[in-house]
Amino acid sequence: MDERYDPRKIESKWQNFWEEAKLFKVKEDPNKEKYYLLEMFPYPSGKIHMGHVRNYTIGDVVARYKRMQGFNVLHPMGWDAFGMPAENAAIANNSHPAKWTYENIDAMRFQLKRLGFSYDWDREIATCSPEYYQWEQWLFLKMYEKGMAYRKESFVNWCEHCQTVLANEQVEAGLCWRCGQLVRQKKLWQWFFRITDYAQDLLSYCEKLPGWPEKVITMQKNWIGKSSGAEIRFPIENSDEQIPVFTTRQDTVYGATFMCLAPEHPLVVKLSGGTPQELEVSEFIHRISLQDRSVKAVESYEKEGVYIGAYCINPLSGIRMPIYTANFALMEYGTGAVMSVPSHDQRDFEFARKYGLEVIVVVKPHDADLDPATMTEAFAGEGVMINSGRFNGIDSVQALDDIASYLEEKGIGKKTTSFRLRDWGISRQRYWGAPIPIIHCEKCGIVPVPEKDLPILLPEDADLLEGGKSPLSTLEYFTKTPCPACGSSEARRETDTMDTFVESSWYYERYCSPNCKTAMFDREAVDYWMPVDQYIGGVEHAILHLLYSRYYTRVLYDFDLVKYKEPFTRLLTQGMVCKETVSCPEHGFLLPEEIKEAGEERLCKQCGQQAIVGRVEKMSKSKKNVIDPNILLKKFGADTTRLFCLFAAPPERDLEWSEQGVEGGYRFLNRVWRLALNWGSLIRDAKPFNGSPDQLEGDAIALFKKNHATIKKVTRDIEDRFHFNTAISAVMELVNTMYGIGFTEKNPQNIEVIRLSMESVALLLSPIVPHFAEELWEALGFDTSILLASWPSYREDALIKDELLIVVQVNGKLRSKFHVDADADDDTLKEMALSDERVLKFVDGKPIKKIIVVKEKLVNIVV
RNA sequence: GCCGGAGUGGUGAAACUGGUAGACGCACGGGACUCAAAAUCCCGCGGGGGCAACUCCAUGUCGGUUCGAUUCCGACCUCCGGCACCA
């Protein structure tokens with residue numbers, strides 16, 4: 001052990017040692033209990049950012065902790081390597097996405113290794129390699145065969161000027177991010193996965209995920225969005241056709257006075273044809289079709305619609321209902337038609353007032369009357385049925401059921417449920433993704449690629465700059481192919497690639513047998529390792545990635561490829577890494593090097609104006625508040641960086657960056673270092689104390705107890721709730737206690753207690769600051785790695801207190817405290833409380849109503 | 001707009017099942033060591049009043065339940081995340 005703590009020296013020393021000894025390599029071992037710890041794999045953007053550091057540090061602590069507990073721990077790492085940034089970078093640098101991606105992977109792997117994470121690097125995968133994505137193509141074929149993958153027309157963002165499809169991210173306030181022109185919606189034939197078939201199952205299993213945070217479960221449930229109600233058919237006037245409508249408020253059906261159809265609804269064009277409204281309707285449809293139809297956008301639009309020149313009949317009230325097409329009706333939800341009840345739905349109410357439509361009240365509040373002429377808003381609450389024929393007078397909640405049954409009896413409707421969840425659109429008109437293995441033949445239509453022809457390799461030389469079509473469609477040699485069914489030479493390959501969420505929906509299975517050549521994964525390996533015991537990642541993935549993964553797992557289950565339905569037993573969603581922003585009124589956000597410190601003030605280096613310290617926000621390039629982990633590694637080393645990430649906040653909360661906080665962590669490690677140094681050979685040559693507390697003298701008793709209490713606290717903090725911040729502060733307290741003893745101890749047994757505590761510090765810190773702990777372990781005279789040591793255990797007899805601190809309250813306010821023997825009973829406590837001077841002062845002779853005694857804690861006197 | 005979450009000293013946070021609000025750290029102040037500085041070690045540190053013993057106030061705001069509320073319930077305010085083609 002050197003005089004000085006030098007992270008650079010010890011970190012590379014131990015990283016090399018771990019790598020050479022292959023200490024993190026694992027294989028299936030039926031005799032050992034497995035533990036699969038997974039962190040969300042990164043997109044290879046080129047640089048590790050603090051969010052990665054935090055995520056992977058949390059995971060690494062758990063992995064190392066579980067190894068010390070004796071588990072066979074699978075802890076892999078790989079790359080979510082397909083995606084848009086690679087294409088953008090390739091266009092910007094006139095390079096190739098593959099080159100950019102693989103270079104980034106190399107750079108990031110290097111950085112991760114420097115952080116000392118305990119990955120089994122032999123299992124590394126990159127999703128852009130054909131060995132990976134061919135199996136995704138294989139499963140796609142199976143899904144197509146079973147009807148789980150299908151094609152339908154659907155909208156994309158389209159920039160007419162650039163002749164290209166845009167991702168939502170590339171649309172800024174309705175305008176194209178490159179040229180600034182208005183973005184419109186364009187209909188394309190696209191591929192979908194039928195996730196809605198699994199809506200109920202995905203929902204039901206939400207109750208069977210006790211290891212998931214409550215908030216994620218709630219978000220998933222709301223996303224799936226089950227609602228119970230009824231489907232009612234409204235006959236169209238002078239026609240045999242009917243409009244099916246889904247509603248959750250069938251109790252208000254007598255109040256339905258008009259009908260709203262989604263602009264995409266096929267009946268809109270059909271019914272308006274030949275009417276005076278035909279032109280107006282088609283103009284409306286055209287105008288709406290150019291707009292963003294996402295729920296978020298639609299919610300923000302002014303509600304509008306047009307009459308389409310036809311009526312339908314309310315099947316219960318017999319009222320003639322004018323049919324409108326309206327911008328708020330969505331084809332994707334329910335049946336694409338809304339029965340509008342202006343009296344009891346605020347949106348319908350506003351629409352009716354705007355277009356002068358009839359309002360009929362059918363549910364009356366218990367304590368008031370409603371007049372349709374003077375109402376200023378809809379009444380959405382529960383009440384008593386009126387104007388509803390045979391249902392008048394009954395409670396509206398009861399009517400939900402009664403009316404649904406009546407509709408079923410009459411054959412004009414049925415009870416049903418509806419989901420908000422929509423099918424998963426997986427088509428991307430982009431280059432850098434897995435090609436969809438389908439061939440379009442003029443004669444045979446859609447023909448799947450025969451399994452023997454897989455993989456369909458992504459060609460290397462697509463022109464990304466040529467707009468207008470998918471980049472792949474410009475490659476004649478790729479698209480032109482004989483039809484596998486009829487042999488016609490006129491067939492063409494599908495040029496869409498798959499959504500990158502498909503790759504991230506099964507990578508955790510691939511890790512189990514990353515080099516498997518004959519299947520997606522080796523069945524035995526997956527049976528051993530899966531499901532993932534602990535998954536860790538950003539809360540921003542709480543819905544999409546996690547739901548898609550749960551769905552994909554069900555598909556694998558239905559093909560009998562796996563024996564479980566849920567891939568992740570426990571989930572930890574970590575908060576973001578944030579930092580304050582600094583901006584100049586003239587030059588916008590400022591980088592740290594663009595700021596001049598002048599006493600208390602900060603000035604913009606360019607113009608000298610006073611800089612404004614803004615909000616603490618998520619680190620992002622655009623806000624210029626990013627901290628590069630590389631700088632930390634250079635300045636403080638991996639251990640300090642890791643320590644700070646864990647100490648500054650509990651994992652689920654946002655973490656605010658603080659340079660001074662990092663220095664604090666560094667100081668703590670130095671403090672431990674000096675402690676070991678000061679005791680020197682005295683503790684190295686001692687053996688750890690293993691006796692009972694009554695053999696000890698002086699401060700050593702307190703240290704002995706503190707040692708065991710610390711082990712207990714740290715173990716529970718990590719095991720129960722991943723609160724590493726309090727685990728670390730407990731170790732700090734132990735270290736402070738050791739400092740309190742001084743370095744002059746002569747009693748050999750007391751030296752043994754110090755030795756014991758020093759070992760505890762090394763062991764308890766080893767998952768958190770692994771290089772540092774190895775060095776400490778070596779300094780204590782061990783000649784094997786601390787990784788091979790077991791997690792320490794505590795002695796119950798060291799936790800027993802012989803004196804308790806009792807708090808005395810009067811009317812719930814703290815008035816006094818006293819110490820008492822641990823075995824004192826309730827009556828003794830009462831007596832002692834009542835004879836306390838300070839307590840008597842507040843009781844002040846007033847009659848005592850009640851005395852509450854909480855065991856071993858407090859006495860509350862109520863006067 | 002809809003869905004979800006968070007709000008505690010100067011500051012990051014702690015208080016695990018309703019029972020001493022502020023552990024541990026940072027910043028700051030004081031002391032020791034030093035020719036001096038840095039580093040280190042020790043002490044103090046929510047706010048108001050008081051020489052002091054002590055006392056009053058305080059967990060975003062307002063109300064409720066309770067002997068007792070940071071913790072449970074209701075309303076509101078502010079900030080953050082997701083909203084289906086960013087990953």
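Every heavy atom of this structure was used, including side-chain atoms; hydrogens, water molecules and symmetry mates were not. Chain naming here is simple, since letters A, B, ... match the order of the sequence lines and numbering starts at 1 in each. The shown structure was predicted, so the numbers you read here are calculated from the model rather than taken from an experiment.
The pair A:Glu659-A:Lys635 counts as a salt bridge, with a side-chain nitrogen and a carboxylate oxygen less than 4.0 angstrom apart. Comment: A:Arg293 engages A:Glu264 in a salt bridge, judged by a side-chain N to carboxylate O separation of less than 4.0 angstrom.
Here the nucleotide nearest the side chain of A:Arg420, chosen from B:rC24, B:rA84, B:rA21, is B:rA84. Picking from B:rG82, B:rA87, B:rG19 the nucleotide with the shortest atom distance to the side chain of A:Val854 gives B:rG19. Closest to the side chain of A:Asp80, from the set B:rA87, B:rU40, B:rG81, is B:rA87. Proximity note for A:Tyr739 (side chain, C-beta onward) versus B:rC42, B:rC85, B:rU20: the nearest is B:rC42. Of the candidates B:rG4, B:rG12, B:rA87, the closest approach to any side-chain atom of A:Asn222 belongs to B:rG4. Distance from the side chain of A:Asn736 is smallest to B:rG25 among B:rU55, B:rG25, B:rA84. You'll find that the side chain of A:Phe647 is closest to B:rG12, out of B:rA15, B:rG12, B:rC16. The side chain of A:Thr726 sits closest to B:rA14 out of B:rA87, B:rG12, B:rA14. Residue A:Met84 has its side chain nearest to B:rA87 when only B:rG1, B:rG68, B:rA87 are considered. Closest to the side chain of A:Lys813, out of B:rC57, B:rA87, B:rG5, is B:rC57.
Nucleotides B:rA14 and B:rC26 have their C1' atoms positioned 15 Å apart, rounded to a whole Å. Distance noted for atom P between B:rC83 and B:rA87: 11 Å (whole Å). For the C1' atom pair drawn from B:rA27 and B:rG44, the interatomic distance equals 14 Å after rounding to whole Å.
Base engagement by A:Leu421 is indicated by at least one non-hydrogen atom pair under 4.0 Å involving a base atom. Counting any heavy atom pair closer than 4.0 Å across all strands shown, A:Val156 reaches a base atom. Residue-level contact check: A:Ser658 touches neither bases nor backbone, having no heavy atom under 4.0 Å from any strand. Residue contacts for A:Arg430: at a heavy-atom cut-off of 4.0 Å it reaches a base atom on one of the strands shown. At the heavy-atom level, A:Ala542 lies nowhere under 4.0 Å from the strands shown. Using a 4.0 Å heavy-atom criterion, one finds that A:Thr500 contacts the sugar-phosphate atoms exclusively. The residue A:Leu547 sits apart from the nucleic acid: no heavy atom pair falls under 4.0 Å. Residue contacts for A:Pro42: at a heavy-atom cut-off of 4.0 Å it reaches no nucleic acid atom on any strand shown. Using a 4.0 Å heavy-atom cutoff across all strands shown, A:Ser427 reaches at least one base atom of the nucleic acid.
A:Leu571 places its CG atom 15 Å from the C1' atom of B:rG5, with the value rounded to the nearest Å. To the nearest angstrom, P of B:rG19 lies 11 Å from CD of A:Gln809. To the nearest angstrom, C1' of B:rU11 lies 8 Å from CD of A:Glu656. In this structure, CD of A:Glu733 is placed 14 Å from C1' of B:rA13, rounded to the nearest angstrom. Rounded to whole angstrom, the span from the NZ atom of A:Lys857 across to the P atom of B:rU20 amounts to 7 Å. In this structure, the CH2 atom of A:Trp223 is 13 Å from the P atom of B:rC3, given to the nearest Å. Between A:Tyr666 atom OH and B:rU40 atom C1' there is a gap of 14 Å when expressed in whole angstrom units. Between the P atom of B:rG81 and the CG atom of A:Leu544 lies a distance of 16 Å, rounded to the nearest Å.
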Stepwise side-chain hydrogen bond (donor to acceptor under 3.5 Å, both in side chains) test for A:Asp423 and A:Tyr150: CA-CA 10 Å; A:Asp423 276 340; A:Tyr150 69 100; 2.5 Å; yes

Test log, rule side chain to side chain contact (heavy atoms under 4.5 Å, CB included), inputs A:Tyr548 and A:Trp424: CA-CA 8 Å; A:Tyr548 291 149; A:Trp424 175 12; 3.5 Å; yes

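Between the side chains of A:Arg184 and A:Gln291, no donor-acceptor pair of N or O atoms lies under 3.5 Å.
In this structure, A:Trp223 has no ring pair (Phe, Tyr, Trp, His ring centres under 6.0 Å) partners at least two apart in sequence or on a different chain. Scored by the side-chain contact (heavy atoms from CB on, under 4.5 Å) test, A:Lys817 finds A:Leu805, A:Leu814 as partners (sequence neighbours excluded).
Near RNA chain B, defined here as any heavy-atom distance below 4.0 Å, there are no residues from residues 45-56 of chain A.
Looking at A:Gln190, its side chain comes within 3.5 Å of the base of B:rC85 through a donor and an acceptor atom. Not a single donor-acceptor contact under 3.5 angstrom links the side-chain atoms of A:Asn168 to the base of B:rC85. Judged by atom type and distance alone, A:Gln429 reaches the base of B:rC85 through a side-chain donor-acceptor pair under 3.5 Å.
When atom types are taken as modelled, the side chain of A:Asn625 and the backbone of A:Lys579 share a donor-acceptor pair closer than 3.5 angstrom. Counting only distance, with no hydrogens or angles, the side chain of A:Arg716 and the backbone of A:Arg721 share no donor-acceptor pair below 3.5 Å.
Each of A:Tyr507, A:Trp79, A:Trp506 was checked for a ring pair (Phe, Tyr, Trp, His ring centres under 6.0 Å) with A:Phe41, and the lone residue meeting it is A:Tyr507.
The base-pairing partner of B:rA36, taking Watson-Crick or G-U wobble contacts with both distances under 3.5 Å, does not exist among the strands shown. Across all strands shown, B:rG1 pairs with B:rC83; the Watson-Crick or G-U wobble distances both stay below 3.5 Å.
Considering only side-chain N and O atoms, A:Arg653 lies under 4.0 angstrom from the phosphate OP1 or OP2 of B:rA14.
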